[in-house]
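Right, one structure below, let's go through it.
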Amino acid sequence: GAVVSQHPSWVICKSGTSVKIECRSLDFQATTMFWYRQFPKQSLMLMATSNEGSKATYEQGVEKDKFLINHASLTLSTLTVTSAHPEDSSFYICSASGAAQETQYFGPGTRLLVL
Amino acid sequence: QKEVEQDPGPLSVPEGAIVSLNCTYSNSAFQYFMWYRQYSRKGPELLMYTYSSGNKEDGRFTAQVDKSSKYISLFIRDSQPSDSATYLCAMSGAGGSARQLTFGSGTQLTVLP
């Protein structure tokens with residue numbers, strides 16, 4: 001149980017385009033979803049927390065107009081990187097937590113490369 | 001001082017060895033303690049989750065929590081090359097956003113065949 005999927009697993013795009021990453025909880029209802037960014041050999045950096053049906057809460061230093069997060073249902077959250085630039089290239093990971101869960105279950109991650 | 005300190009490693013052991021991974025924390029309000037395993041280019045996988053002091057065992061893995069010393073450990077018995085990964089400790093329950101995790105920096109483990 002507690003499976004989280006992400007799509008796509010990797011994406012290459014041109015500078016200036018927007019990229020959407022989907023995160024789905026497959027076998028439980030995710031009342032809260034989290035989006036992280038991870039640089040090589042570093043730990044996870046929390047970008048934002050979203051509760052189903054509410055606006056996301058962004059961490060300090062994360063541009064909410066740059067990283068649009070939508071959590072429209074209890075099984076789906078999306079992260080859209082708008083007008084992507086090479087410095088946005090990174091590994092993006094989502095996680096999900098259900099109403100009775102005190103931990104987070106992570107997706108497999110999406111590798112983004114902006115040329 | 002970071003809220004959660006984790007021995008960064010890297011740690012290299014022979015196959016079959018017992019591995020000990022450790023984290024200390026400064027915030028006594030943390031209530032829930034987790035260990036995640038992360039393979040290269042993959043998302044973290046939950047290994048162990050506990051919320052009380054003491055030991056919790058699952059197969060070759062034992063998680064130990066000592067709240068009085070603010071210290072948690074993960075022991076891996078009979079280590080295998082497939083255990084080679086980065087191990088992250090994580091904690092939550094200290095207020096703020098519910099279920100938000102505070103991570104250690106990770107320990108990179110290599111088990112040599």
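All chains are named by letter (A, B, ...) in the order of the sequence lines, taking the proteins before the strands, and each is independently numbered beginning at 1.
The side-chain heavy atoms of Pro44(B) and Ile93(A), taken from C-beta on, include a pair separated by under 4.5 Å. Proximity of Leu101(B) to Leu46(A): side-chain heavy atoms (C-beta onward) are nowhere separated by under 4.5 Å.
Heavy atoms from other residues, nucleotides or ligands lying under 6.0 Å from CZ of Arg41(B) number 12 at most. By the 6.0 Å contact criterion, NZ on Lys66(A) is enclosed, its count of non-hydrogen atoms from other residues, nucleotides or ligands being greater than 12. Taking a 6.0 Å sphere around OH of Tyr51(B), one finds it holds 12 or fewer heavy atoms contributed by other residues, nucleotides or ligands.
Met34(B) and Tyr36(A) fall within the same hydrophobic cluster, where Ile, Leu, Val, Met, Phe, Trp and Tyr residues are linked whenever their side-chain heavy atoms come under 4.5 Å apart, directly or through other members. Under a hydrophobic clustering in which Ile, Leu, Val, Met, Phe, Trp and Tyr are joined whenever their side-chain heavy atoms come within less than 4.5 Å, directly or via other members, Ile76(B) and Ile72(B) fall into the same cluster. Taking hydrophobic clusters as Ile, Leu, Val, Met, Phe, Trp and Tyr residues chained together by side-chain heavy-atom distances below 4.5 Å, Val81(A) shares a cluster with Val62(A). One hydrophobic cluster holds both Phe28(A) and Phe106(A) under the rule that ILVMFWY side chains link at heavy-atom gaps under 4.5 Å. Note on Phe30(B): it clusters hydrophobically with Leu74(B), by side-chain heavy-atom contacts below 4.5 Å among ILVMFWY residues.
With 3.5 Å as the limit, one finds no donor-acceptor pair spanning the side chains of Gln100(B) and Gln104(A).
With a 4.5 angstrom heavy-atom cutoff, Leu46(B) touches chain A only via side-chain atoms. Of the two parts of Tyr36(B), only the side chain, counted from C-beta on, holds a non-hydrogen atom closer than 4.5 Å to a non-hydrogen atom of chain A. Of the atoms belonging to Gln6(B), not a single heavy atom falls under 4.5 Å from chain A. Neither the backbone nor the side chain of Gln6(A) comes within contact range of chain B; no heavy atoms are under 4.5 Å apart.
Among all heavy-atom pairs drawn from Phe91(A) and Lys42(B), the shortest one is CE2-O, 3.6 Å. Between Ser43(A) and Gly104(B), the shortest heavy-atom distance links the atoms OG-O, 3.1 Å.
Rounded to the nearest 0.5 angstrom, Thr86(B) OG1 and Gln42(A) CD are separated by 12.5 Å. Rounding to the nearest 0.5 angstrom, the gap separating the NZ atom in Lys41(A) from the OG atom in Ser40(B) is 7.5 Å.
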